[in-house]
Amino acid sequence: MTTLQDTLPDTGPAAPILSNAALLRLAVVAAGLVVAFGIVPAVATDYWLSSIIIPTVVMGLAGISLNLLQGYAGLVSLGSAAFMSVGVFSAYNLILRVPGLPLPAVLLLSGLIAAAVGVFFGLPALRFRGFYLGASTLGAQFFFPWLFTNYPWFSNDSQSLTISAPRLEFLGYDLQSPVGRYLFVATVTALLIGLAFLVVRSRLGREWMAIRDQETAASVLGIRVARRKLQAYAISSFFLGITGVLWGFAYLGTADAHTYNLDKSFQVLFIVLIGGTATIFGNFLGAAFIVLTPILLDHLVLAANIAYLSDQGAITNLQRVIFGAIIIFILIKEPDGLSAWIRRGAEALRARPKT
Amino acid sequence: MASLLELSDVSLSFRGVTALNALSFAVARGEICALIGPNGAGKSSLLNVINGVYRADAGDIVFDGRRFEAIRPGKAARLGIGRTFQHNALFRRLTVRENVLAGLSRHGGASFIENVFRFGRDRQERRDFSARADRVIAFLGLDAARDRIVSTLSYGIQKRVDLARALVSEPKLLLLDEPMAGMNQDEKTEMSRIIAEVNRAFGTTIVLIEHDVGIVLGLAHHIVVLDYGRKVADGAPDAVRNDPDVIAAYLGTVH
Ligand SMILES: Nc1ncnc2c1ncn2[C@@H]1O[C@H](COP(=O)(O)OP(=O)(O)OP(=O)(O)O)[C@@H](O)[C@H]1O
Ligand SMILES: [Mg+2]
């Protein structure tokens, strides 16, 4: 019996080591790094760094985390914030109880603990799909606030059950200033973006998408569906755990269980919906929207000088309604999310007449 | 020659609807066996039982000398049973090449850590997968569509991608559920040429469901006729063609 190898001609000559597309990609990455590590810290004010850029970047990372699970593997989670809280409480306790552990190790271990928790709450994915699976991850969203408020051990017996960020430093560099915290966040984010690309471009990512598009066909081809689904929960939760540490330590400075409530999980979900599914960079557009829109609405209220018209509560509600309306509007206009802008931009760039 | 697949008294029902009724037949190693019969006869259900998507209520299935019980689709794939689908089951948001690569999953030996960080067994796997996929893509004339998203391709091309995805893992037994449905005459001729070529060149045993009797008579070595989950006829094309029961009931009818 002959095999395909014997009878079919070998493929043509090897492609050049760097194609045009690869060069373009390299250029984009280099430009991104220059902007993130050179221009932004040089020109942004402390207010911009602390109140806008850091939260946008961290929430973008949360969007990536959920997008790996939902956009690529086709699974659901309503418990993103719970996995973030596992990360930050792990980091806090690691720093507290294992003195001298360097920051990168703290982040890595916190991510791994969150990953293990994620796998546990992802186990129902082996039996259920869609709605019921959502219910299980929602369970995480109720379990962890309960755990962290009822067992003060997790917050080192603090009266307020609040944990405060440790002094952030790495290799002797103090990361406490806004620029320091920004560089910390940007470094971790850059590494995780790289990791996310490695994941989605690997066999793992391909098999996630296969399961997402056609689960029966995937299993018939021998894809280990159950294992892949659990790996999706593990990796997504790993990302979320680290994101949670950044949110608590680099953005807020303090955290408690309720910092990571259901509202936050929904924000992450909106980032994925607005940014677009199965995208990496789209999440930052979604995050920018989630972070900036409320700030803009606040400024609008101030500018319109309507504060005297009614009480603050009514205005806050109005802002929520407008916020919701904008989300619905975007989802109707761009059902594939704002990442469609990135795609169109890239296509326009490619279609540009060659010079 | 010993048979590759042997079914005895296989039955399957869905809440009272009998899809397969004490069905027995054997598929010889290296042959093309066609399953024909009217709509709802149980042909697709039979394929689903063979590769573990459905579990038979009763009966024995022996594949490659081993009796299998409670088989799951993934296990069937790893034993070497490939499959295409009657209704489009491609990974619609992936490219042709990615679909074909996904078909190689059963040959993957690297852990996900190796796959993600591209070390250890991943290097060999990537090279091997890529070479195998490219060969099958070339064999099925899909080069031009290689990097296209499958949902943007014509129906006939999608059927070919489905075949490529099943073929790439070099199965011992290939189950094809209406691979020519919805194709025009030229496309059908081309597809049956490809199927015959796969069988001849690689020795792959094929079980094929097809309504076009003209095509079946030209392609199959062995025909099994089903109706209401029962076997009505079983034999060489000439014998089946001249079987009065079959003539009366099925051949010549248009489905
Ligand atoms: N998942 C299912 N649930 C319930 N009934 C089913 C299921 N699959 C098949 N059936 C029933 O089993 C019987 C056989 O169906 P099957 O799809 O195997 O027929 P077929 O021979 O492939 O027909 P066609 O030529 O239309 O593809 C039909 O009565 C069908 O309604
Ligand atoms: Mg059928």
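Note on naming: letters A, B, ... go to the chains in the order of the sequence lines (proteins, then strands), and numbering restarts at 1 for each one.
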Original post:
About how many Å separate CG of L101(B) and CG of L221(A), when rounded to the nearest 0.5 Å?
Top reply: 11.5 Å
Original post:
Based on non-hydrogen pairs under 4.5 Å, which of V200(A), I235(A), I223(A), L204(A) is most in contact with chain B?
Top reply: I223(A)
**OP:** Output the option from R72(B), R83(B), H107(B), R118(B) having the highest count of non-hydrogen pairs under 4.5 Å with chain A.
**Re:** R118(B)
Original post:
Got a second to check how far N115(B)'s CG is from L198(A)'s CG, nearest 0.5 Å?
Top reply: 11.5 Å
Original post:
OG of S219(A) to NZ of K75(B): how many Å apart, nearest 0.5 Å?
Top reply: 14.5 Å
Subject >> CZ/R67(B): more than 12 non-hydrogen atoms of other groups inside 6.0 Å >> reply: yes
Subject >> Region of R228(A) that comes under 4.5 Å of a non-hydrogen atom in chain B >> reply: side chain
Subject >> Atom pair CD/CZ of E98(B) and R201(A) - distance to nearest 0.5 Å >> reply: 10.0 Å
Original post:
Looking only at heavy atoms, what is the nearest atom pair of A217(A) and F91(B), with distance?
Top reply: CB-CE2, 4.0 Å
Original post:
Are V220(A) and I81(B) close enough that some pair of their side-chain heavy atoms sits under 4.5 Å apart?
Top reply: no
Subject >> R78(B), CZ atom: more than 12 neighbouring heavy atoms under 6.0 Å >> reply: yes
Original post:
For R93(B) and T277(A), which heavy atoms make the closest approach, and how far apart are they?
Top reply: NH1-OG1, 4.0 Å
**OP:** Evaluate whether atom CZ of F68(B) has more than 12 neighbouring non-hydrogen atoms of other residues, nucleotides or ligands under 6.0 angstrom away.
**Re:** yes
Original post:
Considering all heavy atoms of both residues, which atom of L94(B) and which atom of A210(A) are nearest to each other, and what is their separation?
Top reply: CD1-N, 4.2 Å
Original post:
What residue, out of G74(B), A89(B), G108(B), A166(B), has the most heavy-atom pairs lying under 4.5 Å from chain A?
Top reply: A89(B)
**OP:** Select, from A110(B), P171(B), A76(B), A77(B), the one with the greatest count of heavy-atom pairs under 4.5 Å involving chain A.
**Re:** A77(B)
Subject >> Spacing of CZ belonging to F112(B) relative to CZ belonging to R227(A), to within rounding of 0.5 Å >> reply: 10.0 Å
Original post:
Does any N or O in the side chain of D213(A) come within less than 3.5 Å of the main-chain N or O of R92(B), such that one atom is a donor and the other an acceptor?
Top reply: yes
Subject >> Euclidean distance, R206(A) CZ relative to S105(B) OG, rounded to 0.5 Å >> reply: 7.0 Å
**OP:** Give the minimum heavy-atom separation between F129(B) and R203(A), together with the two atoms involved.
**Re:** CE2-CD, 3.6 Å
